[in-house]
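First up is the structure itself, then whatever we jot down about it.
In each ligand, atom 1 is the first atom listed, and ligand 1 is the first ligand listed.
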Amino acid sequence: MEKLVISGPTPLKGEVEISGAKNAAVAILPATLLINGVCTINNIPNISDVRLLCTILEKMGAKIVWNTPNEITIDTRHINTTQAPLDLTSKFRASYYLIGAMLGRKGEIEVGMPGGCKLGARPIDQHIKGFELLGANVRTENGTIYAKANGLNGAPIYMDIVSVGATINVMLAAVLAKGTTIIDNAAKEPHIVDVANFLNTMGADIRGAGTDVIKINGVSELTGNKTYSVVPDQIEAGTFMLAAIASKGDLLIKNCITKHLESLTAKIVEIGGNVEDNGDSIRVWYSKRPNKAIIKTLPYPGFPTDLQPQMGVVLSTANGTSIINESIWESRFQYTEELNKMGAHITAQGKSAIFEGVDELFGAPVYSSDLRAGAALIIAGIAATGKTEVYNLEHIDRGYENIENKFRKIGANIERVSE
Ligand code: EPU
């Protein structure tokens, strides 16, 4: 078993490069199944979810060459099965994108029920509704999803819930469908725009991604032969922005799109942090104890749920009592119990938590319950006095590339240790 051992407190100082977006990459890789050709994707984050997806695609007949640690060339001309490896697909969330992509490519797919972070109920009814409106038949049996279509036809689809996954998945299924699909009440996250840009680069006709109405005119084929660069990860950028404040540091965060970070930037300024926005980089620095705040997570462009735990670390030592309302996931406050072991004073109940700001956090052994909880605990360990050991690194490695190296380069005293 591995753990991260962190000695704090250390103010983080210097520059950090942001990787490509996890939640874009894990959709773009399945999207390559729609291409009857070869394409190159760069700025791919080298994280375990991406490597797992590559293994799954290879088992389905794709040929993948890693040109560099962050660039692959993928040949999806010879997909030879409609069965995705069930044991692997049920290990993570983004395997659900194989359904939309394979319905488009082969009209059929058998895939394990998606796994992923345990954040409460994670139904996929909106995905299924979209596939069915396009003409597919979807059934679930013993943890396996079977989806089949005898040709897909474009349709108007109203999403009852704003869902990142359902929006992307239905977009994937609609790209090669006959006629026009209109997704109404679509999610607007930057990774949705990125997946649409990728597909359009390969020959699709998708308009309106990034607004709540997406129009997809079905095309007969995607041919590839192009190179695409994954958008920078706004959640990784936000994680370092909050680490700068929590650690009383000063960071220049490079290779990010600051427009994607506006809700976070506004909150950092509101709590008394300093931000200098340079468009493709952002400097964030601490000058005084953060003010209390009230935060509600919302779909983009609202405050992202995937930065809620990292913000929780900052508010745990703010001046006064803060409240966070989590409106996306039922169970995203598991990290607060771990922060309380470090001296925080947080009361979480259901989808709300009250943070009574304490003067200081102290090192302790802590367990990450999911990806962003893990990032939050690392930040807490860097800000806390004494030694912190963070366990359950498999969650963190799913979504952050070289996390301890990136933190070490900006001054953190952090080491990965095998027990
Ligand atoms: N929902 C439904 N039915 C559906 C789909 C979603 O009720 O068919 C509900 C969910 O239960 C949730 C809400 O709608 O309450 C939003 O879920 P969404 O579908 O947007 O989430 P997701 O696609 O499963 C992605 C990210 C998550 C991120 C959320 C919200 C990926 C692989 N995952 O999940 O990322 O929290 O969007 O932005 O893109 C993370 O990176 O740490 C992470 C958990």
- Looking at N169, L371, T305, the heavy atom closest to atom 30 (C) of ligand 1 belongs to T305
- Note on the structure: Any heavy atom of I235 under 4.0 Å from ligand 1? The part involved is neither
- Query: Any salt bridge between D233 and K22, counting N to O under 4.0 Å?
  - Reply: no
- Message: Under a 4.0 Å threshold between the charged nitrogen and the carboxylate oxygen, would D277 count as salt-bridged to K259?
- Response: no
- Item | Lys/Arg-Asp/Glu bridge criterion (N-O < 4.0 Å) met for E404, R416 | yes
- Tell me, please, which residues at least two apart from E71 pass side chain to side chain donor-acceptor pair (under 3.5 Å). N67
- Message: Check whether T258 reaches the backbone of I282 with its side chain - one donor and one acceptor, N or O, closer than 3.5 Å.
- Response: no
- Item | Side-chain donor/acceptor of T10 to backbone N/O of L12, under 3.5 Å | no
- Would you mind telling me if ligand 1 is within reach of the side chain of K22, the backbone, both or neither, using heavy atoms under 4.0 Å? side chain
- Which segment of R332 sits under 4.0 Å of ligand 1 when only heavy atoms are counted: side chain
- Task: Tell me, please, which residues at least two apart from K406 pass side-chain contact (heavy atoms from CB on, under 4.5 Å).
- Result: V16, S19, E236, F240
- Candidate with minimal heavy-atom separation from atom 28 (C) of ligand 1, of L307, D49, D306: D306
- Between W329 and ligand 1, find which residue part has any heavy-atom pair under 4.0 Å and reply side chain, backbone, both or neither. side chain
- Item | Within reach of ligand 1, part of Q126 (heavy-atom separation under 4.0 Å) | both
- Item | Any donor-acceptor pair under 3.5 Å from N325 side chain to K296 backbone | no
- Looking only at non-hydrogen atoms, find the nearest pair between V313 and I379 and report the distance. CG1-CG2, 4.0 Å
- Message: Given 3.5 Å as the limit, does a donor-acceptor pair link the side chain of N46 with the main chain of P69, or not?
- Response: yes
- Which of the ligand 1 atoms, numbered from 1, are nearer than 4.0 Å to a heavy atom of G165: 19 (O), 23 (O)
- Item | Short N-O contact, D370 and R372, less than 4.0 angstrom | no
- Checking heavy atoms under 4.0 Å, the part of D125 that sits near ligand 1 is both
- Message: Judged on heavy-atom distance to atom 19 (O) of ligand 1, which of G399, A187, S163, A166 sits nearest?
- Response: S163
- Enumerate the atoms of ligand 1 whose separation from the nearest heavy atom of R93 is less than 4.0 angstrom. 24 (O)
- Task: Heavy-atom contacts with P123 under 4.0 Å: which atoms of ligand 1 show up? List them by number with element.
- Result: 2 (C), 3 (N), 4 (C), 5 (C), 6 (C), 7 (O), 8 (O), 11 (O)
- What do we get for I161 next to ligand 1 when only non-hydrogen atoms under 4.0 Å count, side chain, backbone, both or neither? side chain
- Query: For ligand 1, which atoms, with element, lie under 4.0 Å from some heavy atom of H127?
  - Reply: 8 (O)
- Can you sort out which atoms of ligand 1 are near N23, meaning under 4.0 Å from one of its heavy atoms? 26 (C), 31 (C), 32 (C), 33 (N), 35 (O), 39 (O), 41 (O)
- Check each heavy atom of Y96 against ligand 1 and say whether those closer than 4.0 Å belong to the side chain, the backbone, both or neither. side chain
- Does even one non-hydrogen atom of H395 get within less than 4.0 Å of ligand 1? no
